[in-house]
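Numbering starts at 1 and runs along the sequence shown. Ligands are counted one by one from 1 in listed order, and the atoms in each one are counted from 1 as well.
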Amino acid sequence: MERYRIRGGNRLHGEVEISGAKNAAVAIIPAALMVNGKCRIENLPRISDTEALLLILESLGAKVERIDRSTVEIDTTNATWMGADYDRMRRIRASYYFVGSMLGRFGVARTTMPGGCNFGVRPIDQHVKGMNALGAEVDISDFITAHVPGGRLRGASVYLDKVSVGATMNIMIAAVLAEGRTVIENAAREPHIVDLANFLNSMGADVRGAGTDTIKVNGVEQLHGGVYTIIPDQIEAGTYMAATAAIGGEVLIKNVIPKHLDCITAKLREMGVTVEEYGESVLVRSAGRLRRANVKTQPYPGFPTDMQPQIGVALAVAEGTSVITEGVWDHRYKYINELRKMGAAVTVDGRVAVVEGVETLRGASVNACDLRAGAAMVIAGLCARGVTLVEDIQFIERGYENFVGKLRLLGADIRIIDEPDGTERDTAAAG
Ligand code: UD1
């Protein structure tokens, strides 16, 4: 079993290159199923979730050529909607985007119910509502099976009862090849939604308004091949910002879109961190004890829920009492129990966590409860006195490209150890 072994105390110094956005990539790969011809995707993050989705595409009959570390070429000419690698599908949240792309291309879809991080109940009623509005009949059991009686989806108006990233993207994907115009109202506005729209448009789709709460999709007959470069990952960048803030040091975070980081930047500045913005990078400098702050997570442009655990660790070592309010998920505080093992003083009541900052954390053996919680444990370990072991690192590797290699380049003492035999994985090829 591999785990991370961290010796805390080293400040972070140097430069780190951010990879492509995970949550854009995990929608773009399934959407590529609808492209007629070869589609080349650049700046694809090399993480286990994107690898799994590419394997699922291959199981559907697509040809996937890995050109280099961050570039793939996909040809779905011979793909079908049947015979997917359902075991793999079941483990990935984003596999639900295949419902949209299969319905769009084939008028039929079959996927498993999606897996992914457990933040409590993760309903897909808004996805289903959208597919129904476009004319699909959807049946949900262990599998999601759907078909369009007339063969082709028909554009429609869909008002989302809840601002949902996944439903917005799935309906957008399905609508691209539908007949006529689809309007998605109360749409989510995250940067990866704009990125998915840009990808689809670069392949011949007609999607307008992505990034606002009303998205209009004029259906087209088919998509053509092309080349697309995915945007940098907002949350990976935010994670290194929070890490530098909590641990201390000076790090230049490269290949970012500073605008996407605005609310993280503002919160860190409130906590006494220096953040300088440049064209495609941000410099984060942190010295001395952080100041307390209140954080409320909300859909974009609010503070991202996917940054809540990482900022939670920074607040755990800040001076004074901070209040975190989780505005998106019902259960996103499982990591607090792990953080308490390291000496953090946090109480949780429903969606609110009250954090009494402590001067230092101490090393302990902790679990990565999910992807971002796992990243938070790593930050905590790097802040702590002594040695921290982080278990269940497969969650972290779902979404962070070469996390350990990148942190080591910044001076962190972190290794991947395979126990019980004690061998160390080579992370020298840092991306
Ligand atoms: C995506 C991200 C996840 C992030 C979340 C919010 C991916 C693969 N994952 O998840 O990391 O935390 O956005 O930024 O991109 N909801 C419903 N009905 C639905 C769909 C959602 O009630 O049909 C609710 C959810 O329970 C949740 C809220 O809407 O309370 C937001 O969920 P959503 O934005 O859909 O999250 P995901 O797309 O699953």
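- Close approach of ligand 1 to Thr305 (heavy-atom distance below 4.0 Å) involves ligand atoms 6 (C), 12 (O), 14 (O).
- Polar contact check, Val165 against ligand 1: a nitrogen or oxygen pair lies under 3.5 Å apart.
- Taking the six-membered ring where tryptophan is involved, the planes of Tyr96 and His127 are tilted, since the angle between them lies from 30° to 60°.
- Short contacts between ligand 1 and Arg93, defined as distances under 4.0 Å to a heavy atom of the residue, involve ligand atoms 39 (O).
- Distances from ligand 1 to the non-hydrogen atoms of Pro123 include at least one value under 4.0 Å.
- A salt bridge does not link Glu236 with Arg372: every distance from a Lys NZ or Arg NE/NH1/NH2 to an Asp or Glu carboxylate oxygen is 4.0 Å or more.
- Side-chain N/O atoms of Thr71 and Glu42 include no donor and acceptor closer than 3.5 Å.
- Of the heavy atoms in Asp330, none comes closer than 4.0 Å to ligand 1.
- Distances between N or O atoms of Trp329 and those of ligand 1 include at least one value under 3.5 Å.
- In the vicinity of Asp306, heavy-atom distances shorter than 4.0 Å reach the ligand 1 atoms 3 (C), 4 (C), 11 (O), 12 (O).
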- Task: Please step through side-chain hydrogen bond (donor to acceptor under 3.5 Å, both in side chains) for the pair Gln222 and Asn36, ending with a clear verdict.
- Result: CA-CA 7 Å; Gln222 62 172 35; Asn36 208 354; 2.8 Å; yes
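- For the pair Glu65 (side chain) and Ile67 (backbone), a donor-acceptor distance under 3.5 Å is absent.
- Between His192 and ligand 1, not a single N/O pair is under 3.5 Å apart.
- Using a 4.0 Å cut-off between heavy atoms, Asp125 contacts ligand 1 through both its backbone and its side chain.
- Salt bridge annotation for Asp68-Arg66: absent, with no cationic side-chain nitrogen under 4.0 angstrom from a carboxylate oxygen.
- The residues Asp306 and Arg332 are annotated as salt-bridged, a charged nitrogen and a carboxylate oxygen being separated by less than 4.0 angstrom.
- Between Gly166 and ligand 1, at least one N/O pair is under 3.5 Å apart.
- Ion pair Asp370/Arg398 not flagged as a salt bridge, since none of the NZ, NE, NH1 or NH2 atoms sits closer than 4.0 Å to an Asp/Glu carboxylate oxygen.
- Of all atoms in ligand 1, numbered sequentially from 1 with element shown, those under 4.0 Å from a heavy atom of Val328 are 27 (C), 30 (O), 31 (C).
- Backbone and side-chain nitrogen or oxygen atoms of Ala94 are examined, and none is located within less than 3.5 angstrom of a nitrogen or oxygen of ligand 1.
- Looking at Arg351 and Glu326, no side-chain N of the basic residue comes within less than 4.0 Å of a carboxylate O on the acidic one, giving no salt bridge.
- Taking the six-membered ring for Trp and thresholds of 30 and 60 degrees, Phe403 and Tyr4 have ring planes inclined between 30 and 60 degrees apart.
- A salt bridge is absent between Asp233 and Lys22; no separation between the charged side-chain nitrogens and carboxylate oxygens falls under 4.0 Å.
- No N or O atom of Tyr97 sits closer than 3.5 Å to an N or O atom of ligand 1.
- Residue-level proximity to ligand 1 for Met307 is absent, since no heavy atom of it falls below 4.0 angstrom.
- Below 4.0 Å from some heavy atom of Tyr96 lie the following atoms of ligand 1, by number and element: 37 (P), 38 (O), 39 (O).
- Close approach of ligand 1 to Arg332 (heavy-atom distance below 4.0 Å) involves ligand atoms 12 (O).
- Classification of Lys259 and Glu277 as a salt-bridged pair fails, no side-chain N sitting under 4.0 Å from a carboxylate O.
- Close contacts between ligand 1 and His127 involve ligand atoms 23 (O) [criterion: under 4.0 Å to a heavy atom].
- Residue contacts with ligand 1, taken as heavy atom pairs separated by less than 4.0 Å, do not involve Tyr300 at all.
- Proximity of Gln126 to ligand 1, defined as any heavy-atom pair under 4.0 Å, is shared by backbone and side chain alike.
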